[in-house]
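Here the structure comes first, spelled out in structure tokens, and everything after it is commentary.
A note on names: the letters A, B, ... follow the listed sequences, proteins ahead of strands, and every chain is numbered from 1. Values in this document were obtained by computation on a predicted structure and should not be read as measured data.
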Amino acid sequence: MDTKAAAKKMEMRGKGLGSSVTENPVFPGRIELPYTLTTGRAAATFLAELANHKIVGSRCPRCDGIFVPAQDFCAACGTSLDEFVEVPASGKLSGYTETADGLIGLVRLDGATNDFPHKLLDTQLGELKLGARVEASWAAEAEGSILDIEGFALGGDEGGEVKPLEPGAEPVLEQKYEMRLDYAHSYGPYYGMLFDGLATSRRIQGTRCPSCERVLVPPREYCDVCYVRSGEWVDVADTGTIKAFSIIHLEFVGQTREPPYVYAEIVLDGSATRLIHTVAGIDVEDAKERLQIGTKVRAVWKGGDPIGSLEDIEYFEPVFED
Amino acid sequence: MRDVAIVGTGQTVHARRRTDVSQAGLVREAVDEALADAELTFDDIDSVVVASGPALFGAVNQPEKWLVDGLGGRMKPVVRITSGGGTGLAGALAAMNQVSSGFAERTLVVAYDKLSEGALQYQISTLYDPFWGREFAVGIMGFASAYWRARIETLGHTEEAAAMVGVKNHKNAFLNPYAHVRKEITVDDVLESRPLAWPIKLLDVPPISDGACAVVLASDDAAPKTTAKPAWIRGMSYYGEADNAPDRFMLQSVPLQLAAQRVYKKAGITNPRRQFDVAELQEPYTCFELSYYEGLGLCPTGEAADLIASGATEMDGDIPCNPSGGCMGANPIGATALIRLAEAALQVTDKAGGRQVPNARTALVQAGGGWANLRGVAVVSADRN
Ligand SMILES: [Zn+2]
Ligand SMILES: [Zn+2]
């Protein structure tokens, strides 16, 4: 493709977006995950000894490097490291930068092979120069975290030596960690149309593939089977059939329903794809026997104003033909 | 394309939780074992493939960057492959292609997950589309149990038959020193165990594990110089399909059938039941093993329950399945498929110890991930194609 054609194609792709890209509504997604991380032998020792105001490194027996903070494996030769050393708490600045959170420096502690990034305290960019002496400033209370060293401040004497570590503190083998990720997902034209329809009129819409003529819900740009751009918009019923179901007793983090409940994969009438939801309005124990592949279901909508999500459907209830 | 062989394998001491090692330390343990098995050092390795599950499992994005030092990967090509539960085999396929193409003579593939660090079902639910389905997802278990229930209705894959799979694999796990679950159970124990996502019950479910597996692959030129007993990879393949494609067939895995077809053709397998001496199948739930018997052609469709009941897949049957105990012994998801491959290699090189199937020469390996939409198959043998 020549440059002109490529530019034209890009222009076509952006068509309709205009300058309002950022004004389109977005779908807020949040993932909040709890962890208990294992630190490994070296980090566990390093973190523990901070409480004793000791900075622990590892010596590589093969290449003689001293790595700070202590590492399980040599960054230079890959050797498994098990000799811990105490490194002087002062050294020289081998790099620095200013960030929104303050000054960050790369500190080469005396005797160390590698640089150690940390905060620079009580100074300004103009006062810094490569090779300047810095020394650790300790936090008032140790918590088994890298921030037990509050940061490095200008100063500190030369002549400190790397010494064998006299073991003292109990290794910090585990650390709690919370990951919280906030997303602003773009709906795009397909989800946008679907969720607008749900929010304004409780309409469920799909797209029909012009090649195989099957209706895809949620609607999408291309048919997954034919790879053909999908064509017309189609209203899909809020009734359907059960393709598969199970009964959830398990409890887990992030669950949106209280167990036990029926998990179901439903094919809405007029569509050819699976929708994941719950089936209620039936005793959970009876569900085992009474629900089957092909059992008819219909949506039970939540009261109040719809929000434009699958959650607007409270559940599906079975419709028994007897 | 050159033939490729497995010349060394290693596994960690798998456990529900390993607090003594970081993720990097876990990986290194398996690598040290594999190198020792192959009598090689890092200097002999040309390239490294890291395989692990979704980054949210371990809370570290791009973990291969962190692992370089522990893998001896400095100044070498290091890539990471991830593909759900089938990750380990997908990684092996990438490594195999590096060797068969001539890019490397010896490639180290290491697969791991340290699942004890976080909240597994919720992490798995984040694999769903954030707009559609995540609200009601129950990890992989809701989906898996629903289609097992459907196979009970249509293919006769009964709860009893699945329970027999669990009993067999738990029994075999006793023979495997790497398995961390060693529990003698009966069919009744399984049937009476607590329902988690009925029909899936507690004893239909593998453990959640911390573990790693490493395998060294070598070219047809390098392999005989490395070991007297190479395990030749006579075929390996990995197929996928769209999760929510229109009219997706859910009772058998089409990608599994495609992968098997392709690999069997390459390896000259026309009668899998007779030509394989042993199989290692990735059965994250007992019901999956039944489904794979059919998908892999070990029995006709609808006869999996009869196959398990006949005893044919027991250690002393004509097609022992999962002499290692399969996932029931240990299930570090990202590593699990590579463990199946490593176990197959041990079988065909007569190195499987107490779980050795006598005179095994050709082994079948199966791996799977995603919403049953990613499936891999391999054939490993003492003989070349
Ligand atoms: Zn070194
Ligand atoms: Zn189509």
* Structure fact -> Whatever's closer than 4.5 Å to a heavy atom in chain B on A/Gln255 counts as neither
* Structure fact -> Counting heavy-atom pairs under 4.5 Å with chain A, the top scorer among B/Gly70, B/Gly139, B/Ala242 is B/Gly70
* To do: Please look at A/Thr79 and chain B and tell me whether the side chain, the backbone, both or neither of the residue comes under 4.5 angstrom of a heavy atom of that chain.
  => backbone
* Return yes when atom CD of A/Glu232 has more than 12 non-hydrogen atoms of other residues, nucleotides or ligands closer than 6.0 Å, and no otherwise. => yes
* Asked: Is it the side chain or the backbone of A/Leu291 that comes within 4.5 Å of chain B heavy atoms, both, or neither?
  -> backbone
* So do B/Pro130 and A/Phe27 actually touch side chain to side chain, heavy atoms under 4.5 Å? -> yes
* Asked: Which region of A/Tyr187, side chain (C-beta onward) or backbone (N, CA, C, O), has a non-hydrogen atom less than 4.5 Å from a non-hydrogen atom of chain B, or is it both or neither?
  -> both
* How about residues 41-49 of chain B versus chain A: which residues have heavy atoms under 4.5 Å apart? -> B/Phe42, B/Asp43
* Considering only heavy atoms from C-beta outward, does the side chain of B/Glu153 approach that of A/Gln292 to under 4.5 Å? -> yes
* Side-chain heavy atoms of B/Asn244 within contact of A/Pro218, under 4.5 Å -> yes
* To do: Give, as side chain, backbone, both or neither, the part of A/Leu216 having an atom under 4.5 angstrom from any heavy atom of chain B.
  => side chain
* Asked: Are the side chains of A/Arg274 and B/Asp243 in touch, meaning some heavy atoms are under 4.5 Å apart?
  -> yes
* Using side-chain hydrogen bond (donor to acceptor under 3.5 Å, both in side chains) as the criterion, list what pairs up with A/Glu213, not counting sequence neighbours. => none
* Shortest non-hydrogen contact from A/Asp224 to B/Ala245? -> CB-CB, 3.9 Å
* For B/Lys65, does the NZ atom have more than 12 heavy-atom neighbours from other residues, nucleotides or ligands under 6.0 Å away? -> no
* Toward chain B, the part of A/Thr39 with a non-hydrogen atom under 4.5 Å -> backbone
* In terms of heavy-atom pairs under 4.5 Å with chain B, which of A/Ala272, A/Gly78, A/Pro260, A/Ala42 leads? -> A/Ala272
* Would you mind checking which part of A/Val217 comes under 4.5 Å of any heavy atom in chain B, side chain (CB onward), backbone (N, CA, C, O), both or neither? => both
* B/Ala137 versus chain A, heavy atoms under 4.5 Å apart: side chain, backbone, both or neither? -> backbone
* Please look at A/Tyr263 and chain B and tell me whether the side chain, the backbone, both or neither of the residue comes under 4.5 angstrom of a heavy atom of that chain. => side chain
* **Contact summary for B/Phe136 and A/Ile276, nearest pair of heavy atoms** => CD1-O, 3.4 Å
* So which heavy atom on A/Ile248 is nearest to which on B/Gly142, and how close? -> CD1-CA, 4.0 Å
* Heavy atoms only, distances under 4.5 angstrom: which of B/Ser125, B/Ala59, B/Gly58, B/Ser145 has the most pairs with chain A? Name it, please. => B/Ala59
* Pair B/Arg17 + A/Glu174, salt bridge at N-O below 4.0 Å -> yes
* Begin with the C-alpha distance, continue with both residues' side-chain angles, and end with the deciding distance and a verdict on side-chain contact (heavy atoms from CB on, under 4.5 Å) for B/Lys114 and A/Thr38. => CA-CA 9 Å; B/Lys114 203 162 186 313; A/Thr38 40; 2.8 Å; yes
* Structure fact -> Whatever's closer than 4.5 Å to a heavy atom in chain B on A/Phe245 counts as both
* Go through the steps to decide whether B/Leu56 and A/Tyr35 satisfy the test side-chain contact (heavy atoms from CB on, under 4.5 Å), and finish with yes or no. => CA-CA 10 Å; B/Leu56 285 181; A/Tyr35 292 93; 3.9 Å; yes
* Under a 4.5 Å heavy-atom cut-off, does chain A meet the side chain of B/Phe143, its backbone, both or neither? -> both
* Is it the backbone or the side chain of A/Cys223 that comes under 4.5 Å from a heavy atom of chain B, or both, or neither? -> side chain
* To do: Using a strict 4.0 Å threshold on nitrogen-to-oxygen distance, state whether B/Asp247 and A/Arg214 make a salt bridge.
  => yes
* Asked: Any side-chain donor paired with an acceptor under 3.5 Å for B/Glu117 and A/Tyr177?
  -> no
* Which atoms of A/Ile242 approach chain B - backbone, side chain, both or neither, heavy atom under 4.5 Å -> neither
* Asked: Would you say the side chain of B/Trp132 lies within less than 4.5 Å of the side chain of A/Leu194, judging by non-hydrogen atoms?
  -> yes
* To do: Give, as side chain, backbone, both or neither, the part of B/Arg74 having an atom under 4.5 angstrom from any heavy atom of chain A.
  => side chain
* Option in B/Asp20, B/Asp129, B/Ile200, B/Leu71 with maximal non-hydrogen atom pairs under 4.5 Å from chain A -> B/Asp129
* Structure fact -> Comparing B/Gly72, B/Pro199, B/Pro195 against chain A, the one with the most heavy-atom pairs below 4.5 Å turns out to be B/Pro195
* Asked: Given the rule in the side-chain contact (heavy atoms from CB on, under 4.5 Å) test, do A/Tyr261 and B/Val138 qualify, once you have shown the distances and angles that lead to the verdict?
  -> CA-CA 11 Å; A/Tyr261 61 92; B/Val138 183; 3.6 Å; yes
* To do: Select, from B/Gly25, B/Ser22, B/Gly118, B/Pro246, the one with the greatest count of heavy-atom pairs under 4.5 Å involving chain A.
  => B/Pro246
* Asked: Tell me, do A/Leu250 and B/Met141 make a side-chain contact under 4.5 Å, heavy atoms counted?
  -> yes
* For chain A, find which of B/Thr154, B/Leu196, B/Leu26, B/Leu120 contributes the most heavy-atom pairs closer than 4.5 angstrom. => B/Leu196
* **Side chain proximity check, A/Lys243 to B/Tyr147, heavy atoms < 4.5 angstrom** => yes
